[in-house]
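In what follows, a structure is listed as C-alpha cells, so that the remarks can point back to it.
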Amino acid sequence: MESFGARLHRAMRERGPLCVGIDPHPGLLARWGLPDDVSGLERFSRTVAEAIGDRIAVVKPQSAFFERYGSRGVAVLESTIRQLREAGSLVLLDVKRGDIGSTVAAYADAYLDPSSPLYVDAVTASPYLGVGSLAPMFDTAARHGGGVFVLALTSNPEGGAVQRARGADGRTVAQTVIDEISQLNADAEPLGSIGLVVGATVGDTGHDLSRVNGPLLAPGLGAQGGTAADLRTVFGSALAAALPSYSRQVLSAGPDPAALRAAAEQALTDCRRVLGPEKLTDGSVTTQ
Ligand SMILES: O=c1ccn([C@@H]2O[C@H](COP(=O)(O)O)[C@@H](O)[C@H]2O)c(=O)[nH]1
C-alpha cells in the first residue's frame, strides 16, 4: 500500500499545504446556534465535512470534543471520519495517545487498522513514555499506509518545561524525540510517514529539524496567537515540511458553508505567502 508520507505529499501538492481542525467547542456550537448535545455535534461536524472535505488536504477532528458526549459522540466521530474520507481529505485524528508498548498496540488497532470503525489516515501520539513505546503504532501505520504525528514542541506555553528540559547528553527532550523520529524516516521518499508536532507559537527554539524527512504539523495558528509569518521563524530551513493547522479561526466563520470555505481558503493563502509555491520536498511546484 502507498505510504502515508506519499499520500500526504500528493494531497499537499493537489490541495495545498493546510490542515483544518474540527473542534466542536461548546462556545462554537452556541455561536452557530446549535445545542450542546449530540444533535448539535452531528450538525456541526457534518457541516464542516461537507464544506471543506472535498478541498482541504488534511482534516483533523479533535477526539476530545466527540468523547465528551460518550458513546453517541464517538459514533458521530466515526461517521465524520467516513464522510471526510469519502470526500477525499486525509483524516488526522488528534487523540494524542501514548502508553506502554503492549497498550499502544491496542491504540494502533483502534485507529490505524482498516478494519476498525475509527480507522483514520493518521493520529497524534505522545512520546512521554519513550519514543520506543510507540513502536507498535509505527509498525501498524507502516503495514497499512498510515501515519503518526509525535508531539515534539507543543503550542501551549506549559509544554516547554518538559519538552525543553535537557538530558545527560545535553539535548533537550524535544531534540531527542526529533532525532529518534528522524532515524525512522531516514530513507523515505518523497516524505516519511512519521511526523512531528511543532507549534506555530514556539518561536525560534534552536532545535534542529533539518533531518526529520517527515511532515511537521503546526497547530497554534489563529486562536492561539500564531501567525503564518511565524512559521518562517519556527521552522527555518525545514519550512518546506510544515503543515499549518487551524481550527477555531476557520470554524468561527460557520455555519455558512461558503464562509467556512472562504476562511479555509484565506488561511491557505496566508500560509502560501510564507511557504511559497515551491513547497514540496521534490522541488515540484504547487498548482493552486
Ligand atoms: O501542540 C499542540 C498540539 C495539538 N493542538 C491541537 O490543535 C488544535 C488547535 O486548535 P485552535 O482552535 O486552532 O487553537 C486543538 O485541537 C488542540 O488540541 C494544539 O493546539 N497544540
Side-chain angles (χ1 to χ4, degrees), residues 17-32 41 44-45 48-49 52 56-69 73 76-77 80-81 84 90-98 111 120 122-128 134 147-164 172-174 177-178 181 194-203 205 207 209 212 214-228 230-231 234-235 241-254 260 263-264 266-268 270-271:
L18 185 68
C19 170
V20 173
I22 303 185
D23 294 51
H25 286 261
L28 280 171
L29 294 174
R31 190 173 166 149
W32 283 35
L41 176 74
F44 186 97
S45 310
V48 180
I52 64 165
I56 298 300
V58 182
V59 180
K60 180 174 78 66
Q62 171 52 261
S63 186
F65 291 109
F66 296 82
E67 292 175 39
R68 67 187 277 274
Y69 300 99
V76 175
L77 177 60
T80 305
I81 290 168
L84 290 166
L90 296 176
V91 181
L92 164 58
L93 185 62
D94 199 343
V95 70
K96 297 186 186 66
R97 294 298 192 233
Y111 304 116
V120 286
V123 288
T124 54
S126 168
Y128 299 121
L134 298 174
V148 181
F149 285 81
V150 179
L151 303 180
L153 290 157
T154 59
S155 65
N156 57 317
E158 305 85 0
V162 173
Q163 296 151 11
R164 300 190 202 188
T172 65
V173 171
V177 172
I178 294 164
I181 299 304
I194 312 299
L196 291 169
V197 178
V198 177
T201 50
V202 300
T205 62
H207 286 79
L209 294 162
V212 177
L216 301 171
L217 181 74
L221 292 159
Q224 292 176 55
T227 66
D230 293 330
L231 296 170
V234 172
F235 292 103
L243 176 59
S245 182
Y246 294 79
S247 299
R248 283 168 287 180
Q249 175 160 311
V250 170
L251 300 172
S252 56
L260 277 168
Q266 184 60 56
L268 182 54
D270 293 347
C271 291

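When a ligand or atom number is given, it counts from 1 through the structure's own listing order. Because only heavy atoms are used, hydrogens play no part in the values below, and waters and symmetry mates are left out as well, while side chains stay in. Bear in mind that the values here come from a model prediction, so they are computed numbers and not experimental data.
Of all the heavy atoms of Arg248, the ones lying under 4.0 Å from any atom of ligand 1 are found in both the backbone and the side chain. Contacts with ligand 1 closer than 4.0 Å are made by side-chain heavy atoms of Asp94 only, the backbone lying farther away. Only the side chain of Lys60 comes within 4.0 Å of ligand 1, judged by heavy-atom distances. Within the 4.0 Å heavy-atom criterion, the part of Pro219 lying near ligand 1 is the side chain and not the backbone. For Asp23, every heavy-atom contact with ligand 1 shorter than 4.0 Å involves the side chain, none the backbone.
Within the listing of ligand 1, atoms 1 (O) sit less than 4.0 angstrom from a heavy atom of Thr154.
Closest heavy-atom approach to atom 4 (C) of ligand 1 within the set His25, Lys96, Gln224: this belongs to Lys96. Among Ala223, Ser155, Ser63, the residue whose heavy atom lies nearest to atom 19 (C) of ligand 1 is Ser155.
In terms of polar-atom proximity, defined here as any N/O pair under 3.5 Å, Gln62 does make such a contact with ligand 1. Between Ser247 and ligand 1, a contact under 3.5 Å exists for at least one N or O pair.
Atom CZ of Arg31 is surrounded by 12 or fewer heavy atoms from other residues, nucleotides or ligands within 6.0 Å.
Checked by atom type, the side-chain pair Ser155/Gln224 shows a donor-acceptor distance below 3.5 Å.
Of the residues listed (Val198, Leu92, Asp94, Leu93), the one engaging Phe149 in a side chain to side chain contact (heavy atoms under 4.5 Å, CB included) is Leu92, and it is the only one.
By the 4.5 Å heavy-atom criterion applied to side chains, Leu18 and Tyr246 are counted as neighbours. In this structure the side chain of Leu28 reaches within 4.5 angstrom of the side chain of Ser252, judged on heavy atoms. Looking at heavy atoms from C-beta onward, Ile22 lies in side-chain contact with Leu84 at the 4.5 angstrom threshold.
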